[in-house]
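Values below: every heavy atom of this structure, side chains too, minus hydrogens, waters and symmetry copies. In this chain, numbering begins with 1 at the start of the sequence shown.
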Amino acid sequence: MTFSGGKLTSNSQWRTYQELELIPETVANPASQAKPLVSTLNLLWRALLDLLLDELVEEQRVEYLDRCWALNEFGERTQSLSNSLQRFWVLMN
């Protein structure tokens, strides 16, 4: 579980989390056991994953809009400006 700072920052937060998740008292707070190198690598790894997810989501949006734009759902034979604007308006909604 993460809190607003991204990790369990205090022992009181850890105790609350332990109680809510029914974690035994014998389990120590992972934030207090984390080594600096591991914490840094974890932070960098999460940042990389966030960037990759954002890029993937953006790529999927573009592909979806391309597929929608290519559909001929209005049954039009020619691409006129008014038909293109109508299609654009439908995609925006």
Side-chain angles (χ1 to χ4, degrees):
M1 170 162 186
T2 58
F3 290 91
S4 61
K7 55 183 158 183
L8 299 171
T9 56
S10 71
N11 286 331
S12 64
Q13 288 177 328
W14 170 248
R15 278 187 252 117
T16 303
Y17 180 68
Q18 269 184 319
E19 291 173 13
L20 291 173
E21 296 295 327
L22 304 174
I23 297 173
E25 292 290 329
T26 57
V27 177
N29 184 348
S32 65
Q33 296 176 344
K35 297 184 171 113
L37 178 63
V38 173
S39 297
T40 304
L41 288 176
N42 190 22
L43 181 66
L44 292 173
W45 179 250
R46 288 179 186 267
L48 176 65
L49 287 178
D50 285 341
L51 286 172
L52 291 174
L53 282 174
D54 288 343
E55 185 177 324
L56 178 64
V57 168
E58 183 65 30
E59 190 175 304
Q60 288 176 340
R61 284 185 194 146
V62 170
E63 288 175 0
Y64 173 74
L65 288 174
D66 284 343
R67 285 194 310 268
C68 289
W69 190 262
L71 286 177
N72 190 6
E73 65 184 53
F74 298 112
E76 55 201 40
R77 292 189 179 129
T78 61
Q79 295 262 339
S80 68
L81 179 61
S82 63
N83 288 341
S84 295
L85 290 175
Q86 182 182 10
R87 181 180 290 179
F88 181 67
W89 183 256
V90 169
L91 287 176
M92 286 178 51
N93 289 329

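Between L48 and L44, every side-chain heavy-atom pair lies at or beyond the 4.5 Å cut-off. With contacts defined as side-chain heavy-atom distances shorter than 4.5 Å, the pair V27/W14 qualifies.
E63 CD: more than 12 foreign heavy atoms inside a 6.0 Å radius.
Take E59 and apply the salt bridge (Lys or Arg N to Asp or Glu O under 4.0 Å) test, not counting sequence neighbours, and it matches no residue.
To the nearest 0.5 Å, the span separating CZ on R46 from CG on L51 amounts to 14.0 Å.
Between E25 and Q18, the shortest heavy-atom distance links the atoms CA-NE2, 3.9 Å.
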**Request:** Evaluate side chain to side chain donor-acceptor pair (under 3.5 Å) for R15 paired with N11, printing each intermediate quantity in order.
**Result:** CA-CA 6 Å; R15 278 187 252 117; N11 286 331; 5.7 Å; no

